[in-house]
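As the structure is a prediction and not an experimental result, all values here were calculated from the model.
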Amino acid sequence: MNETRELLHANGYAIHHIDASVETSKEYELSNELRLNMLIFCEEGSAEIEFNMRHFSLSRGCRFFGAHMLQLKLSHLSSDFKAWVLLINGSFSRDVSVGMPVETLSVLFSEPVRAVTDSQEWDLLLSLMRSLHMYHMLDNGNHSPEVAGCLFRSMLLVMVESQIKSGNCSKVPTYTMADTYFRDFAYLVADYVEREHEVSFYADRLNITTKYLSDICKQKIGKGAKEIISEVLISNLKREVKMSGLSLKEISYKYAFADQSSMGKFFRKMTGVSPIEFKQAGGMKID
């Protein structure tokens, strides 16, 4: 994990190839506070993914694209499992996706696991991933984020075009200033949601009104700004309750609730169960 963190800090991304036939471990786990985006191309075999408290199944010819990773676990790997795993930090993702309307990226994230049925598309995606790995392995001391970013952006564009051709999304809209505001809002929420739960804080940071911010959010993904903040907050709280080892009192303090009771009420409102019930049930959603 330390090596991965160093690569993410230096290059903005880290790329790995997993081959279960030669690896001694049949389970891979990564837990961090980096809020990474992650792209997986499964070449062979199958595996189960636990990503941000949700379960997904991955098989040959599938791609997985997840946003704002707080926790990852690859388990139940078949003996022939082979996959490329690309981790991308927030700043690198933001730079690479400039000019891409929010709606296009939302389509990719809304369906994390997707079977790539077009063989040419699949070969192209694998070629781009392998090219990124080849560039990553160059030992000339002249690593360029522009080259790496171009390859990653190409993968995004290929996947978006595939979604459009399959009819899963409409024609790509025009990029506007609203996209910039929404993208910056999303990154601000990721950075400050532990202590800041009100829309006014984020609107002030963006120098726009709370109404305009909520209007932008509804326009882009059909949810208000407060709803987005609450969803990110509950996602973090569920992870803390299940994995951190902190007491409920400590978690409520860490996330700036008035007291443990206030956090419990918010948790039940968002999930339908108390934090204790959630932890006892394992807190897992199956997809």
Any [X] side-chain heavy atom under 4.5 Å of [Y] side chain:
{"X": "Y253", "Y": "D259", "result": "no"}
{"X": "I40", "Y": "R63", "result": "no"}
{"X": "E43", "Y": "H17", "result": "yes"}
{"X": "T180", "Y": "M177", "result": "yes"}
{"X": "F51", "Y": "M38", "result": "yes"}
{"X": "K82", "Y": "I18", "result": "no"}
{"X": "Q260", "Y": "P275", "result": "no"}
{"X": "F182", "Y": "L213", "result": "no"}

Could you report the tightest heavy-atom contact between [X] and [Y], atom names first, then the distance?
{"X": "T271", "Y": "V273", "value": "OG1-O, 3.0 Å"}
{"X": "C217", "Y": "G224", "value": "CB-C, 4.1 Å"}
{"X": "R153", "Y": "V96", "value": "NH1-O, 2.5 Å"}
{"X": "K226", "Y": "V199", "value": "N-CG2, 3.6 Å"}
{"X": "A83", "Y": "C42", "value": "CB-CA, 4.0 Å"}
{"X": "S97", "Y": "S93", "value": "OG-O, 2.8 Å"}

Interatomic distance, [X] atom [atom1] to [Y] atom [atom2] [nearest 0.5 angstrom]:
{"X": "M155", "Y": "L39", "atom1": "CE", "atom2": "CG", "answer": "6.5 Å"}
{"X": "Y202", "Y": "D184", "atom1": "OH", "atom2": "CG", "answer": "13.5 Å"}
{"X": "K265", "Y": "K269", "atom1": "NZ", "atom2": "NZ", "answer": "12.0 Å"}
{"X": "I216", "Y": "D179", "atom1": "CD1", "atom2": "CG", "answer": "9.0 Å"}
{"X": "I15", "Y": "L132", "atom1": "CD1", "atom2": "CG", "answer": "4.5 Å"}
{"X": "M243", "Y": "K279", "atom1": "CE", "atom2": "NZ", "answer": "11.0 Å"}

More than 12 heavy atoms of other groups within 6.0 Å of L157 CG: yes
CZ (R130) with more than 12 external heavy atoms under 6.0 Å: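 More than 12 within 6.0 Å, yes.
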N/O donor-acceptor pair under 3.5 Å between [X] side chain and [Y] backbone:
{"X": "N11", "Y": "Y13", "value": "no"}
{"X": "E277", "Y": "S274", "value": "yes"}
{"X": "R239", "Y": "S244", "value": "no"}
{"X": "E196", "Y": "V193", "value": "no"}
{"X": "S57", "Y": "E48", "value": "no"}
{"X": "S131", "Y": "S127", "value": "yes"}

Polar side chain donor-acceptor pair, E50 to S75, under 3.5 angstrom: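 No, S75 and E50 have no side-chain donor paired with an acceptor closer than 3.5 Å.
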Side-chain donor-acceptor pair present, E240, Y255, cut-off under 3.5 Å: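 Their side chains do contain a donor-acceptor pair, which is all the 3.5 Å distance test asks for.
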K211 with D215: basic N within carboxylate O range, under 4.0 Å: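 Salt bridge present between K211 and D215.
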Salt bridge (charged side-chain N to carboxylate O under 4.0 Å, His left out) involving E231 - partner list, sequence neighbours excluded: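 Counting only residues at least two positions away or on another chain, E231 forms a salt bridge (charged side-chain N to carboxylate O under 4.0 Å, His left out) with K223.
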Near-ring test H133/W84, centroid separation under 6.0 angstrom: yes
Intermediate values then yes/no, side-chain contact (heavy atoms from CB on, under 4.5 Å), H55 and I49: CA-CA 6 Å; H55 258 149; I49 304 176; over 6 Å; no
D118: partners by side-chain contact (heavy atoms from CB on, under 4.5 Å), with sequence neighbours left out: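 Testing D118 for side-chain contact (heavy atoms from CB on, under 4.5 Å), a comparison that skips the adjacent residues, returns Q120, E121.
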With S154 via side-chain hydrogen bond (donor to acceptor under 3.5 Å, both in side chains) - residues at least two apart: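 Not a single residue meets the side-chain hydrogen bond (donor to acceptor under 3.5 Å, both in side chains) criterion with S154.
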By side-chain hydrogen bond (donor to acceptor under 3.5 Å, both in side chains) - contacts of S230 (at least two apart):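 Testing S230 for side-chain hydrogen bond (donor to acceptor under 3.5 Å, both in side chains), a comparison that skips the adjacent residues, returns none.
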Intermediate values then yes/no, side-chain contact (heavy atoms from CB on, under 4.5 Å), F201 and I229: CA-CA 11 Å; F201 170 83; I229 295 168; over 6 Å; no
Ring geometry between F257 and H197 (parallel below 30°, tilted from 30 to 60°, perpendicular above 60°): tilted
Aromatic plane relationship, F41 with W122 - under 30° parallel, 30 to 60° tilted, over 60° perpendicular: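 Perpendicular, since the angle between the ring planes exceeds 60°.
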Acceptor/donor pairs from residues 203-210 side chains to any protein atom, 3.5 angstrom cut, sequence neighbours excluded:
residue : atom : partner : partner atom : Å
R205    : NH1  : Y192    : OH           : 3.2
R205    : NH2  : Y192    : OH           : 3.4
T209    : OG1  : Y212    : N            : 3.0

side-chain contact (heavy atoms from CB on, under 4.5 Å) between V241 and L246, worked out: CA-CA 7 Å; V241 168; L246 297 176; over 6 Å; no
Contacts of type ring pair (Phe, Tyr, Trp, His ring centres under 6.0 Å), residue F65, not counting sequence neighbours: F109
Full working for side-chain contact (heavy atoms from CB on, under 4.5 Å) between F64 and R114: CA-CA 7 Å; F64 175 87; R114 181 174 173 82; over 6 Å; no
